[in-house]
Amino acid sequence: MTPRYEPHEIETKWQRVWEDEGAFRVPNPAPGAPTAESHWYQLEMLPYPSGPSLHMGHVLNYTMGDVQTHVRRRSGWHVVRPMGWDAFGLPAENAAIREGRHPRETIERNIETMRSQMKRLGWAIDWDREVSAHQPTFYRWTQWLFQQFVAHDLCYRREGPVNWCPNDQTVVANEYVVDGRCERCGAEVELRTMTQWYMRTTAYADELLEYEGTEWPSRTRAIQRNWIGRSEGAEILFRVEETGGDIAVFTTRADTLFGATFFVLAPEHPFVAAHASEEAKQYARHAGTRPVEERAAATKKTGVFTGLHAINPIDGERLPIWVADYVLMDYGTGAIMAVPAHDERDGEFAETFTLPTKVVIDEDGKLVNSGRFDELPAEEGARAIVAALEEEGRGQATVNYRLRDWSVSRQRYWGCPIPFIHCEKCGVVPVPEDQLPVILPDIEDYAPKGRPPLAANEEYMSVDCPQCGGAARRDPDTMDTFVDSSWYFLRYIDSHNDEAPFDRFVVDYWLPVSQYIGGIDHSTGHLLYSRFFVKAMNDWGMVGFREPFARVFHQGWVTLGGSKMSKTKGNVAGPDELADEYGADAVRLYILFMGPADQDMEWTPDGVEGIVRFLRRLWRVVHEVAGSAPADGVREGALARKANETIARVTDDVLRRFQFHTPIAALMELVNELSGAVGAPDARFAAETAVSLIQPYAPHVAEELWTVLGHERLWEAPWSEADESQLVRETFELVVQVNGRVRDRFEVDAGLSEEELVARARESERVRAYLDGGEPRKTIVVPKKLVNFVV
RNA sequence: GCCGAAGUGGCGGAACUGGUAGACGCGCCGGACUCAAAAUCCGGUUCCCUUCGGGGAGUGUGGGUUCGAAUCCCACCUUCGGCACCA
């Protein structure tokens, strides 16, 4: 008599066993010990505990990682699979403010909940390695690293224009401003000038375009490439006739230098305030304060003549210098040579202000009206012109980037304190290492108010200068939470180390991360920052690799009502209800069965019935097999072949193709076939195979059924291997085509030669009707598949 | 404008290197079991025509390559994503 399938009972039971056994605890190799060759670091982006619980997007993400983890472990890989919490940051802080509680309380409660949800879903996580960004044991090293970046001149303070979010009351990084709006809250950002800490990401601009030894999706690389915006060109010096000084321009079109008919400065260009006419200065002051968005949206070009002239270094032409807001100060040099004939914007400007136009490239792409450079193809011409300028010290080939340094100061409370002290005498001084971490104080009033909340806390702010001992002030800002997430994956590897952020030996053993799973929305932020961190650390000798993530996979969004689940929109569906009703195994299978994991999917629990039916059928069939099928383990026959085929498909899909929904379909086929032949001699083998292969997806029911079949400890049983000899078929279905159209199909012996296949094909009544008694012009034979007659 | 991804039944999707289009599941239809229902099981389900043997069309559109194209090539359409007065 088959007992009922009671998911909750068996799930609780096996979760306890795994916990007691420490089944998913994975120790590091001892220093100096010989290390396993095939190791695997499975990582999914760590969750923000800003919401009260996990949503189906998390479930998709972590279940994928879990399947990968189980299959690799059982295939003999040494697999580490940690978990932690991105606990600092705005969303967490804002959630706490909404609830009227201290962020720490809210966060720690949310972590509690999420951790228990994760355990309930049975994910094979090594909880011994758990870290959270808000724990002093973690942020001590975030601060230490921050100081290292400063020491290596990769982090610095300067005054500059920043994106200020008036709603969140803090600076926002360029990477997280979308269409002029704060990515977090949607408020329009303002430009402000402030003194801030910056990470010098631009120092690695070129190398960030390479992906040495990695397999990244082409779209992610494209997004980063666009963001970095590398463009090759030349810097050319123009002398100003009236002042005798030089102004540099950046151009990617040096070939059009002879076509320059005027010259334009950005309103913020220092030369304008220094030398331009009053009218031009007035325009510049006004134009410079217009919001960037408005400047970009303007339909008509505006500008004012400065009264000055620039001399074209190639031909001595005298060009009027204008100031106009279509030239941007923060790209290139903030000055351009205007070539109205070959640049759309310059053309528009010339038309608006009736300035001359000079064509210097003909229809064949060759230079004209360019003196001794005439006839040269454009590219060659550009090189020749730059070379000529270089000889005279008036120009040189350069590369320009759109990428800006990453601003990391935040005027908010809930983040990692910046470990620097401002002393009037000594300047900016690092907090001595033995005084780290600088503890984030518990304060009453942490609400955002335009100045950092910590600034009002005298006890925190007032400090002795570590150098001169005089009265000094702490830095009141906290770090962007993306500083935390730029290195958390290194800390997982050595999370209890209290002498260093991590030990190089173990980090070099596990990293780069073998497979990183997360949303594509972090392409220009987190993923770029992490690469920057690792490259820097490699340069300092802290790690032995230059890329953090060997392979990246982006899961699709799980949407509800057409948009990505989010707390602010209120369209969140979590796993709890479904797990209550059907169990964790059903939830895990269902989210992966919904479709290709890298495509967006609209959440609906409607199809879960199919998965539940499948699990019940598996349950029943395995019990029937255990009771009736011969126990001698025959591995030949139709069922055995199907089982072997399924092993091959599931393994290939998970390990090579990183595809998770098709293995479930393959397993359904196997179970469907098995359910019609539970008494067959090879039924036991097929049942064992099905249970073994379903284990990464549905570990609880698999473990239970494994004991029903008389075995133990499936989680550590070797992964099934397909018996190649059983994959060979004795017969196959021969497809016969005439002119590429299927006319007949029938079973034939797999051993038949090509000639025999053709002969059999020609015997077919249906085929003969189409051959019309004549000889085919041509006959194509595809072994093991088909015969095609061309008539 | 530049860069990237994608278009297949009522729905989610499968078909990996060109070789039987629609696996698997949902939904729907019919049947068995049942007093009834649930659960379970069996069968059907791309569209059109059919004398029920089968025939024709069909993977966004139009061309092309090929014995053979969802798959390769060209052009276009649509949707989504990134960059963008970036010189």
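Here is how names work: the chains are called A, B, and so on, in the same order as the sequence lines, proteins then strands, and each is numbered from 1.
Using P as the reference atom, rG60(B) and rU71(B) are 8 Å apart when rounded to the nearest Å. With both ends at atom P, the span from rC28(B) to rC67(B) equals 48 Å, rounded to whole Å. On the P atoms, rG64(B) is 15 Å away from rA70(B), given to the nearest whole Å. Straight-line distance between the C1' atoms of rG68(B) and rU51(B): roughly 32 Å, to the nearest whole Å. A gap of 14 Å separates the C1' atoms of rC24(B) and rG9(B), to the nearest Å. Of the C1' atoms belonging to rC3(B) and rG10(B), the separation is 37 Å, rounded to the nearest Å. Taking the P atom of each, rG13(B) and rU65(B) are spaced 34 Å apart, rounded to whole Å. For the P atoms, the distance from rA39(B) to rU78(B) is 46 Å, rounded to whole Å.
Projected onto RNA chain B by closest heavy-atom contact, Val790(A) and Met601(A) fall at different nucleotides, the more 5' of which corresponds to Met601(A).
When distances are taken from the side chain of Arg616(A) to each of rU40(B), rG25(B), rA21(B), the shortest belongs to rU40(B). Comparing rC86(B), rC3(B), rC41(B) by their nearest atom to the side chain of Asn226(A) picks out rC3(B). Candidate nucleotides rA5(B), rA87(B), rA15(B) were compared by shortest atom distance to the side chain of Asp343(A), and rA87(B) ranks first. Between rA14(B), rG82(B), rG19(B), one nucleotide has an atom nearer to the side chain of Ile223(A) than all others, and that is rG82(B). Picking from rA87(B), rC3(B), rU40(B) the nucleotide with the shortest atom distance to the side chain of Arg613(A) gives rU40(B). Distances were taken from every side-chain heavy atom of Arg345(A) (C-beta onward) to each of rC86(B), rA15(B), rC16(B); the shortest belongs to rC86(B). For Arg402(A), whose side chain is taken as the heavy atoms from C-beta onward, the closest listed nucleotide among rG19(B), rC86(B), rG27(B) is rC86(B). Here rC86(B) is the nucleotide among rA21(B), rC86(B), rG4(B) with the atom lying nearest to any side-chain atom of Leu328(A). Comparing atom distances between the Val742(A) side chain and each of rG4(B), rC26(B), rU20(B) picks out rU20(B) as nearest. The side chain of Lys778(A) sits closest to rC67(B) out of rC67(B), rC83(B), rA15(B).
In this structure, Arg620(A) reaches the sugar-phosphate backbone alone: every heavy-atom distance under 4.0 Å involves primed, P, OP1 or OP2 atoms, never a base. Ala222(A) comes within 4.0 angstrom of the backbone, heavy atoms only, and of no base. Contact annotation for Asp330(A): no contact, since no heavy-atom pair falls under 4.0 Å across all strands. Residue Pro596(A) is classed as a sugar-phosphate contact, given heavy-atom separations below 4.0 Å to backbone atoms only. As judged by a 4.0 angstrom heavy-atom cut-off over every strand, Leu786(A) is placed among the base-contacting residues. Using a 4.0 Å heavy-atom criterion, one finds that Gln224(A) contacts no nucleic acid atom at all. Residue contacts for Arg777(A): at a heavy-atom cut-off of 4.0 Å it reaches no nucleic acid atom on any strand shown. At the heavy-atom level, Arg4(A) lies nowhere under 4.0 Å from the strands shown. When heavy atoms are screened at a 4.0 angstrom cut-off, Gln737(A) is found touching base atoms of the nucleic acid.
In terms of phosphate contacts, Arg657(A) brings a side-chain nitrogen or oxygen within less than 4.0 Å of OP1 or OP2 of rA15(B). Contact between the side-chain N/O atoms of Arg743(A) and the OP1/OP2 oxygens of rG53(B) is not found at any separation under 4.0 Å. The side chain of Arg221(A) contributes no N or O atom lying less than 4.0 Å from OP1 or OP2 of rA5(B). Close to rC41(B), at under 4.0 Å from its OP1 or OP2, lies a side-chain N or O of Arg617(A). Residue Asn672(A) places at least one side-chain N or O under 4.0 Å from the OP1 or OP2 atom of rG25(B). For the pair Arg230(A) and rC86(B), the criterion of a side-chain N or O lying under 4.0 Å from OP1 or OP2 is not met. For rA5(B), the OP1/OP2 oxygens have a side-chain nitrogen or oxygen of Ser218(A) closer than 4.0 Å.
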Could you spell out the base pairing of RNA chain B as a dot-bracket line? Use Watson-Crick and G-U wobble contacts where both distances are under 3.5 Å, [ ] for crossing pairs, | for partners on a different strand.
(((((((..(((......[....)))((((((.......))))))((((....))))..(((((..]....))))))))))))....
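In summary, of the residues considered (Trp603(A), Tyr582(A), Phe660(A)), a ring-ring contact (aromatic ring centres under 6.0 Å, His included) with Tyr590(A) occurs for Trp603(A) alone. Of the candidates Val359(A), Thr357(A), Leu355(A), Pro340(A) forms a side chain to side chain contact (heavy atoms under 4.5 Å, CB included) with just one, namely Thr357(A). The only option from Val742(A), Val735(A), Val781(A), Leu757(A) that meets the side chain to side chain contact (heavy atoms under 4.5 Å, CB included) definition with Leu786(A) turns out to be Val735(A).
In this structure, the CZ atom of Phe593(A) is 12 Å from the P atom of rG27(B), given to the nearest Å. Between the CD1 atom of Ile247(A) and the C1' atom of rA87(B) there is a distance of 15 Å, rounded to whole Å. Here the P atom of nucleotide rA87(B) and the CG atom of Leu265(A) are 18 Å apart, to the nearest Å. We find that NE2 of His661(A) is positioned 15 Å from P of rG25(B), with the value rounded to whole Å. Spacing between atom CD of Glu669(A) and atom P of rC24(B) amounts to 5 Å, rounded to whole angstrom units. To the nearest angstrom, P of rA14(B) lies 7 Å from CD of Gln599(A). Atom CG in Leu592(A) sits roughly 14 Å away from atom P in rG13(B) (whole-Å rounding). What separates NE2 of His522(A) from C1' of rG81(B) is a distance of 16 Å, to the nearest Å.
By the 4.0 Å N-to-carboxylate-O rule, Arg649(A) lies too far from Glu645(A) to be salt-bridged with it. Note on Lys564(A) versus Asp600(A): no salt bridge recorded, every NZ/NE/NH1/NH2 to OD/OE distance being 4.0 Å or above.
Syn is the glycosidic conformation of rG9(B), whose angle stays within 90° of 0.
Residues Thr398(A) and Glu235(A) have side chains that never bring a donor and an acceptor to within less than 3.5 angstrom of each other. Between the side chains of Tyr176(A) and Asn163(A), not a single donor N or O lies within less than 3.5 Å of an accepting N or O. A side-chain donor-acceptor contact under 3.5 Å links Arg617(A) and Asn672(A).
Taking the centre and axis of the six-membered ring of Trp216(A), the NZ or CZ atom of Arg531(A) falls inside the cone set by 45° and 6.0 Å. Because its NZ or CZ atom is both nearer than 6.0 Å to the ring centre of Tyr326(A) and within 45° of the ring axis, Lys301(A) counts as a cation-pi partner of that residue.
Considering all non-hydrogen atoms of both residues, Arg394(A) and Phe238(A) come closest at NH2-C, 3.9 Å.
Put simply, CD1 on Ile647(A) and CG on Asn644(A) are 5.0 Å apart, with the number rounded to the nearest 0.5 Å.
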